[in-house]
Number of protein chains: 2
Amino acid sequence: MAKRSGPHTLNQLVVERLMHYYHLVADQIESHASGHVSSAQIAQLLEMDDTLVRKDLAAIGVRGRPRVGFSTAELMGAIRETLGFNERYRSIIIGAGRLGGAIASYGGFGKYGLDIVALFDSDPARVGQTLGGVAIHPIESLNAIVREHRVHLAVLTVPADAAQGLAELLVGAGIQAIWNFAPRSLVVPSNVFVRHEHISVGLAELAYYLKRSGARP
Amino acid sequence: MAKRSGPHTLNQLVVERLMHYYHLVADQIESHASGHVSSAQIAQLLEMDDTLVRKDLAAIGVRGRPRVGFSTAELMGAIRETLGFNERYRSIIIGAGRLGGAIASYGGFGKYGLDIVALFDSDPARVGQTLGGVAIHPIESLNAIVREHRVHLAVLTVPADAAQGLAELLVGAGIQAIWNFAPRSLVVPSNVFVRHEHISVGLAELAYYLKRSGARP
DNA sequence: TAGATTGTTAATCGATTAACAATC
DNA sequence: TAGATTGTTAATCGATTAACAATC
């Protein structure tokens, strides 16, 4: 039943590397280049093996030219298309605190296909205000707004204790994917996709580094 | 030259899994338990193989008892000790915007050994204010405060364009580790440890899921 | 005791890297 | 052309899982 040609499913490691290639080429290479980049250039900057770069690009159908490399435009276009950046997906942010506000006002997610259409907060004092140009609504309006805007994704930026309850409201409202910034695991039906940003895992790595490096506490 | 006993260096995957065990046992198991947890319990909740849990715990010197499992207190203590949560490391936050403010006022990092001693911002209107009980200083005070408090870690929460320049100031001030939330790679000397939180990599995974799931944009 | 669970070695699996012919 | 670089197969490496004796 699998399709014969084209990538069928990329694993998470490949998706992450593609995103790194995309950033790298967008930020550091495209501007001052001949319009082409070699796998060795990318590999050196990302401290990886060039064969792996070629394999990843082959997996999404990007063909290079011997002695020339890969077209940066084609490479970026293929990554955008593969990862879905050319679609428009609508999202809401649950929790209009500092973190929710930071995400709402960042403005950098639009280029990855994400439109933020509403914020929600349980604090009546915040309802009616705007953050980053996005209006703050009461939780009671969740179902109506999700239906009206056909929202795909919810960004969860609430305290740990509130996370599971709100996740259940989101599932009830028909949300298909949750980007969870709350430091708490969520239990949701298997048809709902959850990406949990474990910020404190990064802190663990730093603490471990400091301890091992002999930093004097 | 390597020490004979005890873990010498854990790789990043192990460190991350240890943090997941720690969270799981702290949040979901310790409270309603006999004081013990089996590798199979942990493995089931984290959707992994129980052998791997035992191997990770063995690597940090935690011994279990057949038919009983692992002492939750001993397990958590060993993880805390291994990852350095029992030390006190001092940090500063560069960028007192919404994200920096969210981190300063979160208050949940103290239990991992991290004390936030100062915020910095280039906006004179913010200097002198406090966020989460932490005072905001001008960048000019960086060297003095780093020296005075013997700061180990800097959390970088500034716009992409400002990140590299500030990273260089941090290196100059003697910072040993940078937790980078700016969406830009940093170039620093090899003796400075950088953990880059690539938030948009998470977005890439979500966008790819939505595209593949057939969500109508 | 019987049997649940650990601890550890061996086997497997999957991801990365090496090798090298093809190509422009 | 010569040679830099791709594309791809084979080899390697490291992480995970299976197997199972030890143990409480």
Side-chain angles (χ1 to χ4, degrees), chain A residues 2 4-21 24-25 29 33-75 78-79 82 201 205, chain B residues 2 4-21 24-25 29 33-75 78-79 82 201 205:
Chain A
R4 189 64 56 76
S5 68
H8 210 243
T9 304
L10 304 174
N11 80 22
Q12 190 179 332
L13 291 171
V14 177
V15 169
E16 292 185 4
R17 287 198 302 262
L18 288 173
M19 190 66 176
H20 289 301
Y21 304 156
L24 183 75
V25 173
I29 293 182
S34 61
H36 288 82
V37 62
S38 73
S39 56
Q41 280 178 278
I42 292 174
Q44 190 185 10
L45 289 163
L46 296 178
E47 297 179 309
M48 58 188 291
D49 194 278
D50 57 286
T51 304
L52 190 50
V53 176
R54 293 200 293 282
K55 230 174 201 181
D56 288 338
L57 295 179
I60 60 170
V62 178
R63 307 279 305 184
R65 294 214 332 244
R67 283 183 55 82
V68 176
F70 298 85
S71 153
T72 54
E74 185 188 340
L75 182 156
I79 294 176
T82 300
V201 168
E205 206 200 321
Chain B
R4 189 65 54 76
S5 69
H8 209 245
T9 304
L10 303 174
N11 80 20
Q12 190 180 332
L13 292 173
V14 177
V15 169
E16 292 186 3
R17 286 197 304 261
L18 289 173
M19 189 66 175
H20 288 301
Y21 304 156
L24 183 74
V25 173
I29 292 181
S34 61
H36 289 81
V37 62
S38 73
S39 57
Q41 280 178 277
I42 293 174
Q44 190 186 8
L45 288 163
L46 295 177
E47 296 180 311
M48 58 187 294
D49 193 277
D50 56 288
T51 303
L52 191 50
V53 176
R54 293 199 293 281
K55 229 174 202 178
D56 288 338
L57 295 179
I60 61 170
V62 179
R63 306 278 305 184
R65 296 219 325 252
R67 283 184 55 84
V68 175
F70 298 85
S71 153
T72 54
E74 185 189 340
L75 182 156
I79 294 175
T82 301
V201 168
E205 206 201 319

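In the text below, chain A, chain B and the rest are named by the order of the sequence lines, each starting its count at 1. Treat the numbers as computed from the prediction; the structure is a model and nothing was measured.
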key: Selection from C:dT23, D:dT9, C:dT6 that lies nearest to any side-chain heavy atom of B:Ser39   = C:dT6
query = Looking across every strand, which nucleic acid part, if any, lies under 4.0 Å from B:Arg54 by heavy atom: base, sugar-phosphate, or nothing?
reply = base
query = Which heavy-atom pair separates B:His36 from B:Gly69 by the least distance, and what is that distance?
reply = CD2-O, 4.1 Å
query = In whole angstroms, how far is the P atom of D:dT5 from the CD atom of A:Gln44?
reply = 12 Å
request  = Please determine which of A:Ile42, A:Asp56, A:Leu46, A:Leu57 meets the side-chain contact (heavy atoms from CB on, under 4.5 Å) test together with A:Arg17.
outcome  = A:Asp56
Nearest atoms (heavy-atom pairs only) where B:Gln12 meets A:Glu205 = NE2-OE1, 3.4 Å
request  = Scan A:Thr51 against the nucleic acid and name what it touches under 4.0 Å (heavy atoms): base, sugar-phosphate only, or nothing.
outcome  = base
Nearest-Å distance for atom pair CG/P, residues A:Leu52 and D:dC13 = 17 Å
request  = Figure out the CE/P separation between B:Met48 and D:dA18, and round it to whole Å.
outcome  = 13 Å
task = Among the candidates C:dG7, D:dT17, C:dC24, find the nucleotide nearest to the side-chain atoms of A:Pro66.
result = C:dC24
query = Once you round it to whole Å, what is the distance between P of D:dA15 and NZ of B:Lys55?
reply = 10 Å
request  = Could you provide the dot-bracket string of DNA chain D, using ( ) for intrastrand pairs, [ ] for crossing pairs and | for bases paired to another strand, with Watson-Crick or G-U pairs below 3.5 Å?
outcome  = ..||||||||||||||||||||||
note = Ordered by number, residues from residues 11-20 of chain B within less than 4.0 Å of DNA chain D (heavy atoms) are B:Asn11, B:Arg17
ask   = A:Phe70 and A:Arg54: which non-hydrogen atoms are nearest, and at how many Å?
value = CZ-CG, 4.2 Å
ask   = Among C:dG7, D:dC24, D:dT17, which nucleotide sits nearest the side chain of B:Arg65?
value = D:dC24
query = Nearest-Å distance, CG (A:Leu57) to C1' (D:dT5)?
reply = 13 Å
inquiry  = Distance check needed: C:dA4 P versus B:Phe70 CZ, whole Å only.
reply    = 18 Å
inquiry  = Nearest whole Å is fine: how far is C:dT6 P from B:Asp50 CG?
reply    = 7 Å
ask   = To the nearest angstrom, how far is B:Gln41 atom CD from C:dA4 atom P?
value = 15 Å
request  = Ignoring backbone atoms, establish whether A:Arg63 has a side-chain N or O less than 4.0 Å from OP1 or OP2 of D:dG7.
outcome  = yes
